[in-house]
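Heads up: the structure comes next, in structure tokens.
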Amino acid sequence: MAVDRLEEQRFWMNLHPNVKRRVLEMKNNLRIVDGRIYTENGSDVTHMFDVVLKTTESQIRGLKAVSNLADHERDHGGFVFAFFRVCQTMEEQFPTLSQSDLARLMFIGTFAGWEDGKLKHDNGVPITKKALAELLDVSRSAFNDFYGKLIAEQILTEREDGLYISTGLFYRGELSNASELAKSVQYTRLFRKTVRELYQKYNGRSIKQLALIYAVLPFVNFNYNVICFNPQEHNADLVRPMTLENLAALLGYKKTEKLAEALRRLKYNGKPVFGFFEMDGDRRKKKVVVNPAVIYAGDGKTLEAIKILFK
């Protein structure tokens with residue numbers, strides 16, 4: 001018993017601080033009835049606790065994944081949820097918006113206010129129409145054309161107290177509080193700092209390349225960040241990766257190599273935004289993975305494995 005107690009103490013001491021915090025939060029939400037320990041929903045978890053806190057290996061793995069994801073989110077400036085209809089191209093979802101428009105829309109989405117969609121600077125100051133034009137840094141005619149499309153599509157709404165972006169497209173806050181429309185479609189995390197830095201770098205002649213990030217969202221697997229035919233599949237053995245040739249056809253590229261070159265040119269902090277792998281040396285059958293520093297929808301369990309691909 002003393003040996004077991006010593007092992008538990010060593011195990012606890014070696015845990016990451018964030019993991020310890022989550023374990024303690026879990027413990028604080030328990031209740032004791034007749035000597036048994038129950039969670040808030042009534043599950044009996046007495047076997048998980050002794051005089052010293054015990055945690056199963058699978059729980060630790062889950063808590064570490066949550067901790068890694070929290071660190072990742074913080075490192076990239078937090079995120080907004082981006083909502084979209086799975087396996088439907090953005091051209092179909094937004095027929096009036098050009099590639100350049102999609103890139104600028106993605107950028108604007110990172111300024112969505114907490115739970116209400118009001119456009120705000122990071123210091124909380126509302127973003128006016130004039131301020132939005134300055135942020136986008138485009139010509140007056142280009143801005144007016146783009147702004148008019150967003151209003152017509154009800155992507156952007158003008159109110160007395162400011163501009164609001166549709167929370168059915170971009171949302172910051174607890175997912176459980178998102179609109180019913182948003183809950184009915186797929187989503188991913190769009191990292192704010194990353195997207196803004198990419199916009200500053202590629203705004204101008206390269207803006208269409210940046211739009212590719214938004215264009216591929218409907219085809220990125222929820223857990224593995226690979227572009228595929230079944231983005232909602234959780235079982236790794238059943239995921240069907242899409243070839244670069246397939247993706248080019250979906251996005252309207254007549255030449256696969258032209259798309260490949262556009263994807264290769266996108267870099268963030270010197271690392272590719274899109275990674276490639278091929279089978280049997282056939283370039284046409286290359287598969288595509290998206291750097292999780294830009295987008296990631298999973299629960300964190302696959303995050304470190306995907307990040308390794310971009311080191």
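No hydrogens, no waters, no symmetry mates; every other heavy atom, side chains included, goes into these values. In this text the structure is predicted, and so the values were computed from the model without any measurement.
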Return the [atom1] to [atom2] distance between [X] and [Y], rounded to the nearest 0.5 Å.
X: R104; Y: Y199; atom1: CZ; atom2: OH; value: 5.0 Å
X: L163; Y: I127; atom1: CG; atom2: CD1; value: 8.0 Å
X: S179; Y: Y171; atom1: OG; atom2: OH; value: 8.5 Å
X: K301; Y: L303; atom1: NZ; atom2: CG; value: 13.0 Å

Would [X] and [Y] count as having a side-chain donor-acceptor pair, cut-off 3.5 Å?
X: E153; Y: T96; value: yes
X: D299; Y: Y296; value: no
X: N144; Y: S141; value: no
X: Y253; Y: E245; value: no

[X] side chain to [Y] main-chain N or O, any donor-acceptor pair under 3.5 Å?
X: H72; Y: E304; value: no
X: Y224; Y: P231; value: no
X: Q93; Y: R85; value: yes
X: D145; Y: A142; value: no
X: T302; Y: N223; value: yes
X: N225; Y: V289; value: no
X: T194; Y: A293; value: yes
X: N221; Y: V226; value: no
X: R189; Y: G298; value: yes

Counting C-beta onward and ignoring hydrogens, is there a side-chain heavy-atom pair between [X] and [Y] closer than 4.5 Å?
X: M106; Y: V195; result: yes
X: L105; Y: I165; result: yes
X: V216; Y: M90; result: no
X: Y164; Y: L156; result: no
X: L210; Y: L102; result: no

Would [X] and [Y] pass as an ion pair if we require N to O under 4.0 Å?
X: K258; Y: E261; value: no
X: K208; Y: D101; value: no
X: E278; Y: K287; value: no
X: K286; Y: E257; value: no

**Prompt:** Passes side chain to side chain contact (heavy atoms under 4.5 Å, CB included), E73 versus F191? Steps please.
**Reply:** CA-CA 7 Å; E73 291 168 354; F191 293 104; 3.9 Å; yes
Are more than 12 heavy atoms, taken from residues, nucleotides or ligands other than [X], located less than 6.0 Å from that residue's [atom1] atom?
X: E91; atom1: CD; value: no
X: E92; atom1: CD; value: yes
X: K271; atom1: NZ; value: no

Under a 4.5 Å side-chain heavy-atom rule over Ile, Leu, Val, Met, Phe, Trp and Tyr, are [X] and [Y] clustered together?
X: Y187; Y: I295; value: no
X: L69; Y: L175; value: yes
X: I306; Y: V294; value: no
X: F222; Y: L190; value: no
X: Y147; Y: F107; value: yes

**Asked** Taking T110 as the fixed residue, which of R196, R172, K193, R192 is the one that meets the side chain to side chain donor-acceptor pair (under 3.5 Å) rule?
**Response**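 Among the candidates, only R196 passes.
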**Asked** Passes side chain to side chain contact (heavy atoms under 4.5 Å, CB included), F81 versus T188? Steps please.
**Response** CA-CA 6 Å; F81 287 111; T188 191; over 6 Å; no
So which atom in [X] and which in [Y] form the shortest heavy-atom distance, rounded to 0.1 Å?
X: L244; Y: A260; result: CD2-CB, 3.4 Å
X: R265; Y: Y202; result: O-OH, 3.0 Å
X: K118; Y: D116; result: N-OD1, 3.0 Å
X: K307; Y: P292; result: CG-CG, 3.7 Å

**M242/F219 under side chain to side chain contact (heavy atoms under 4.5 Å, CB included): CA gap, chis, key distance, verdict** = CA-CA 9 Å; M242 188 183 295; F219 310 101; 3.9 Å; yes
**Message:** Could you check whether F276 and F274 have their ring centres less than 6.0 Å apart?
**Reply:**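 Centroid distance F274-F276: not below 6.0 Å, so no.
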